[in-house]
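Letters A, B, ... mirror the listed sequences (proteins, then strands); counts begin at 1. What you see below is based on every heavy atom in this structure, not just the backbone, and it leaves out hydrogens, waters and symmetry mates.
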There are 2 protein chains.
Amino acid sequence: MAAPDQPIFGALAESLGFLLRLAQLQAFDEYFSAEGSPEHGPGEMSILLMIDANPMIRQGVLARALRIKRAHMTKIIQSFDRAGLVQTSVPADDRRSLELTLTPAGKDRLARVWDRVSLNELGRPGNLTQRETDTLKRLLRKYLSIAAPAEGADA
Amino acid sequence: MAAPDQPIFGALAESLGFLLRLAQLQAFDEYFSAEGSPEHGPGEMSILLMIDANPMIRQGVLARALRIKRAHMTKIIQSFDRAGLVQTSVPADDRRSLELTLTPAGKDRLARVWDRVSLNELGRPGNLTQRETDTLKRLLRKYLSIAAPAEGADA
DNA sequence: TATTGTTATACTCTATAACTATA
DNA sequence: TATAGTTATAGAGTATAACAATA
């Protein structure tokens, strides 16, 4: 049983968790392939996208939705705030909370980075046909209990 | 446009990369939910599983297959070696390389941890039916260019 | 009492480059 | 020259606990 250069994946190939792990790594390899070092990593990108889609979102809601720990979220939001990308406000009905909204500069930054990223990604969904890609996304949304995007929504 | 507790995912819901990212986070949440702190994280688990399925696998082949950087792989393998979980050997045909094989202790460790993990995972594939789960895994394997496991293979 | 955000700490993982020994 | 593994370093991400303000 000499080791081939293409190893056998064995139990990994039947494990949803590990398939998702490997697929995610491959996706982000392809994602940021062209660019050297992108301005924002996947975590920060997802935060900007969520604030854009949900103005005045509360920091805790955001953290739960993206499965980012509150302590980590604080540091990221503070850096966004220092960079002038987000505007924060304290809601009157709960003065412990923080509401987050993108500034015009934040929207610009997002548009610029996301445009580059989404073009990369949409260009090549691995080895899948368009139909398979759609099915894959649909099943992932169902797995995550995430609603399908609106008709005609931008990717 | 007040922020609801269930935010809108917007562009994220159409991005394969971000769906994979969120799904992976959810999968490992469910994975290691019952246990407090598992003995091995996802990265280390995947390495043990791959060595188990590919005795005498070379360290570099392993690193490429799992998309783990060589420098990081070195540290993990060294810790496995110190813990007596893997046995290393230098192949005659290329004395730069390292061949890795699980020791009996390594196999025991893997069996014990994996059994707990795979039971957790197989118990609940999110909100998907069995058929949807199978389709999802099949599409992920195709996306990754990974061969389907052998018939009747253990999960 | 519980929750929101914060601070601090530690650990894992990643990214990079330089080094060695082999090829 | 190129490759396999190593070493060292820095940074990103994560996990945890304790704390202040507020509910």
Participant: Nearest whole angstrom, please: distance from the C1' of D:dT3 to the CZ of B:R58.
Facilitator: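 To the nearest whole Å, that distance equals 12 Å.
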Participant: Are A:L140 and B:L16 close enough that some pair of their side-chain heavy atoms sits under 4.5 Å apart?
Facilitator: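 With C-beta onward as the side chain, the pair touches.
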Participant: Return a table of donor-acceptor pairs under 3.5 angstrom between the side chains of residues 99-113 of chain A and protein atoms on other chains or two or more places apart.
Facilitator:
| unit_1 | atom_1 | unit_2 | atom_2 | d |
| --- | --- | --- | --- | --- |
| A:E99 | OE1 | A:S89 | OG | 3.0 |
| A:T101 | OG1 | A:M56 | N | 3.2 |
| A:T103 | OG1 | A:G84 | O | 2.6 |
| A:T103 | OG1 | A:L85 | O | 3.1 |
| A:T103 | OG1 | A:A105 | N | 3.4 |
| A:T103 | OG1 | A:G106 | N | 3.0 |
| A:K107 | NZ | A:D52 | OD1 | 2.8 |
| A:R109 | NH1 | A:H40 | NE2 | 2.9 |
| A:R112 | NH1 | A:E39 | OE1 | 3.1 |

Participant: Can you list the residues that meet the salt bridge (Lys or Arg N to Asp or Glu O under 4.0 Å) rule with B:R64, with sequence neighbours excluded?
Facilitator: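 Expected list: A:D5.
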Participant: Rounded to whole angstroms, how far apart are CD1 on B:I68 and P on D:dA4?
Facilitator: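 Atom CD1 in B:I68 sits about 17 Å away from atom P in D:dA4.
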Participant: Using atom CG of B:L25 as one end and atom P of D:dG13 as the other, report the distance to the nearest whole Å.
Facilitator: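 Rounded to the whole Å, the gap is 12 Å.
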Participant: What is the distance from atom CD of B:E14 to atom OG of A:S118, rounded to the nearest 0.5 Å?
Facilitator: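 Here the interatomic distance stands at 11.0 Å.
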Participant: Is the phosphate of C:dT14 approached by B:K69 (side-chain N or O, under 4.0 Å from OP1 or OP2)?
Facilitator: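 For C:dT14, OP1/OP2 do not have a side-chain N/O of B:K69 under 4.0 Å.
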Participant: In residues 73-90 of chain B, what residues come within less than 4.0 Å of DNA chain C, judged by heavy atoms?
Facilitator: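 Within this stretch, B:K75 sit under 4.0 Å of the strand.
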Participant: Report the distance from atom CG of B:D29 to atom P of D:dA15, rounded to the nearest whole Å.
Facilitator: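 Value for this atom pair: 8 Å.
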Participant: Determine, for nucleotides 18-23 of chain D in 5'-to-3' order, which nucleotides have protein heavy atoms under 4.0 Å from the base (write B), from only the sugar-phosphate (write S), or from neither (write -).
Facilitator: ---BBS
Participant: With sequence neighbours excluded, tell me which residues meet side-chain contact (heavy atoms from CB on, under 4.5 Å) with B:D134.
Facilitator: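 By the side-chain contact (heavy atoms from CB on, under 4.5 Å) rule, B:D134 matches B:Q130.
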Participant: If you check the B:Q59 side chain, which of D:dG5, C:dT16, C:dT4 turns out closest?
Facilitator: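 Side chain of B:Q59 sits closest to D:dG5.
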Participant: Got a sec, which residues hit salt bridge (Lys or Arg N to Asp or Glu O under 4.0 Å) with B:R138, two or more places apart in sequence or on another chain?
Facilitator: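 For B:R138, no residue satisfies salt bridge (Lys or Arg N to Asp or Glu O under 4.0 Å) once neighbours in sequence are set aside.
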Participant: Which whole-number value in Å describes the distance from A:R64 CZ to C:dG5 C1'?
Facilitator: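 One finds 12 Å between C1' of C:dG5 and CZ of A:R64, rounded.
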Participant: The criterion is salt bridge (Lys or Arg N to Asp or Glu O under 4.0 Å); which residues satisfy it with A:D93, sequence neighbours excluded?
Facilitator: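 By the salt bridge (Lys or Arg N to Asp or Glu O under 4.0 Å) rule, A:D93 matches A:R58.
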Participant: How close or far is atom C1' of C:dT12 from atom CE of B:M45, stated in whole angstroms?
Facilitator: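 After rounding, the reported distance stands at 17 Å.
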Participant: Consider the side chain of B:S97, meaning its heavy atoms from C-beta on, and name the nucleotide among D:dG5, C:dT14, C:dA17 that approaches it most closely.
Facilitator: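 Out of D:dG5, C:dT14, C:dA17, the nucleotide with an atom closest to B:S97's side chain is D:dG5.
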Participant: What pairs of donor and acceptor atoms, side-chain ones from residues 66-80 of chain B against any protein atom, are under 3.5 angstrom apart with sequence neighbours left out?
Facilitator:
| unit_1 | atom_1 | unit_2 | atom_2 | d |
| --- | --- | --- | --- | --- |
| B:R67 | NH1 | A:D29 | OD2 | 2.8 |
| B:R67 | NH2 | A:Q26 | OE1 | 2.9 |
| B:T74 | OG1 | B:Q59 | NE2 | 3.4 |
| B:T74 | OG1 | B:R70 | O | 3.2 |
| B:S79 | OG | B:I76 | O | 2.8 |

Participant: A:Q24 has an atom CD; how far is it from atom P of D:dG13, in whole Å?
Facilitator: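 Rounded to the whole Å, the gap is 12 Å.
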Participant: Quick one: salt bridge (Lys or Arg N to Asp or Glu O under 4.0 Å) partners of A:E132, sequence neighbours excluded?
Facilitator: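 For A:E132 the salt bridge (Lys or Arg N to Asp or Glu O under 4.0 Å) partners, ignoring immediate neighbours, are B:K142.
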Participant: For A:R21 and C:dT14, what is the distance between atoms CZ and C1' respectively, to the nearest whole Å?
Facilitator: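 The answer, rounded to whole Å, is 11 Å.
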